[in-house]
There are 2 protein chains.
Amino acid sequence: MPDRPPRRSDATRTAILAAARERFASDGYERATIRAIAKDARIDPSMVMRYYGSKEGLFDAVLDVDLRIPNPRELQRQTVGETLVSHFLTLWEENNDALTAMLRVSVTNPAGAERLQGIFRDQILPVARHVCPDPEQAPARAGLTASQVLGMALTRYVLKFPPVAALAREEIVAWLAPTLQRYLTAPHP
Amino acid sequence: MPDRPPRRSDATRTAILAAARERFASDGYERATIRAIAKDARIDPSMVMRYYGSKEGLFDAVLDVDLRIPNPRELQRQTVGETLVSHFLTLWEENNDALTAMLRVSVTNPAGAERLQGIFRDQILPVARHVCPDPEQAPARAGLTASQVLGMALTRYVLKFPPVAALAREEIVAWLAPTLQRYLTAPHP
DNA sequence: AATGTAGGCCAACATCCGTTGACAGTCCAG
DNA sequence: CTGGACTGTCAACGGATGTTGGCCTACATT
């Protein structure tokens, strides 16, 4: 896309987006009202409509994060588990609000669910195809991997179970890496 | 509680409850409107209020499921992983709508999240305390276990990722049992 | 048969939501 | 200096939602 000239309203745009990220992340799609977001951003609700078209357009803008999918070719088959856990933890810490919002909304909104499914189809499935023994098992193995990764995200960042939220990053890597390694590369039990 | 005499309205009550379970499970708390639930049950919205007091009261009634927590004393330390996976799969299959509703709502509604947290505190934590090597590590180990169990429930029953939803029950047990076994009993990595 | 009570429906209320359009100030190009 | 585009506010609309109270009917008890 072409570089757009800087506009006088850019500050307002980003203020809206920041407020929307927080509201969607903490309240979910339905409870995050445009009026509340506008109040947080200290502007009128109608501005949200002008700049993002609709509530759904605003939500789309919130979800527009760069996932920096790791290139499967660069993965070592021996360390794929650790690499994946580490990648996703970093990703989540850097885009906490946006990803929490996506997970929170996906659980209620079918469109969000499809989006999340697309992400994992594009992220984990290629990795599974590249490292797992039998290509036919790749979808199942990718699914198991997703279940553990999303389960960690759910309990740590959304539900905030105290013992899980309190875990140090290295501890999570140490515990989950062998799990993902087994799901992706161990022989079918 | 004392046995209440059967009432002429019992059929209506259960019809409302059944419709509510389905709606809450498939739409979440906000989108499951009392009007829609009443329409499914073929009665007037005001009846819901009469019998369950409010939308929240109705939701509470939906969540009132018997979890049949396994007695930690009867668990074999060697097979606790398999026992747990099997228990939760059965539980979820028998109360699919109610548990899906709880998970779906917990992600948006703080009260639901607390309820879910309470369940895992009462279900998994005692088990962890009983089987894990160092009692101090019990909360963290229980949390990791919860992350995998809830992650499976999320991807299989809520998001319905095709490869995960297609897995056979025995396959899930075979894949997850070693994971839980390690989270609960293996030495700290 | 008379009467009280519980079951059920209907219409309405108050509130909140996303969204729209008219209007006023501000900046910049000509 | 002037016109037009941009930024922002205000008030309102149409619709949906949870909830309430009044009213009619049917049953059970006396």
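Residue numbers start from 1 in every chain, and the chains themselves are labelled A, B, ... in the order their sequence lines are given, proteins ahead of strands.
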Is the number of heavy atoms from other residues, nucleotides or ligands within 6.0 Å of CD (Glu114(A)) greater than 12? no

Please list all pairs meeting ring-ring contact (aromatic ring centres under 6.0 Å, His included) that have one or both residues in residues 121-159 of chain B, counting only residues at least two apart or in different chains. Trp92(B)-Tyr157(B)

What bend angle does the helix from dA1(C)-dT30(D) to dG30(C)-dC1(D) show across its length, from five-pair end axes and to the nearest 10 degrees? 10°

I'd like to know if Asp44(A) and Arg50(A) make a salt bridge, using a cut-off of under 4.0 Å between side-chain N and carboxylate O. no

Does Tyr52(B) reach the main-chain N or O of Arg13(B) with its side chain, forming a donor-acceptor pair under 3.5 Å? yes

Shortest non-hydrogen contact from Ala146(A) toward Phe120(A): CB-CD2, 3.7 Å

Nearest non-hydrogen partners of Phe24(A) and Lys55(A), listed with the distance: CE2-CE, 4.2 Å

Terminal contacting nucleotides, 5' and 3', DNA chain D versus chain A (heavy atom, 4.0 Å): dC6(D) to dA12(D)

Would you say CD of Glu82(A) has more than 12 non-hydrogen atoms from neighbouring residues, nucleotides or ligands within 6.0 angstrom? no

Hydrophobic cluster identity match, Val164(A) and Leu125(B), side-chain contacts under 4.5 Å: no

Students should find this one: the first and last nucleotides of DNA chain C, 5' to 3', lying under 4.0 Å from a heavy atom of chain A. What are they? dC17(C) to dC27(C)

All heavy atoms of Pro126(B) vs all of Arg121(B), minimum pair found to be CD-O, 3.2 Å

Under 4.0 Å, heavy atoms only, any strand: does Ser46(A) hit a base, just the sugar-phosphate, or nothing? base

Listed in order of residue number, which residues of residues 47-54 of chain B have a non-hydrogen atom at under 4.0 Å from DNA chain C? Met47(B), Arg50(B), Tyr51(B)

Minimal heavy-atom distance between Asp27(A) and Thr108(B), with the atoms involved, is O-CG2, 3.6 Å

Carboxylate-amine/guanidinium contact Arg21(B) Asp40(B), below 4.0 Å: no

Mind checking what makes side-chain contact (heavy atoms from CB on, under 4.5 Å) contact with Ser147(B), not counting sequence neighbours? Gln148(A), Met152(A), Thr155(A)

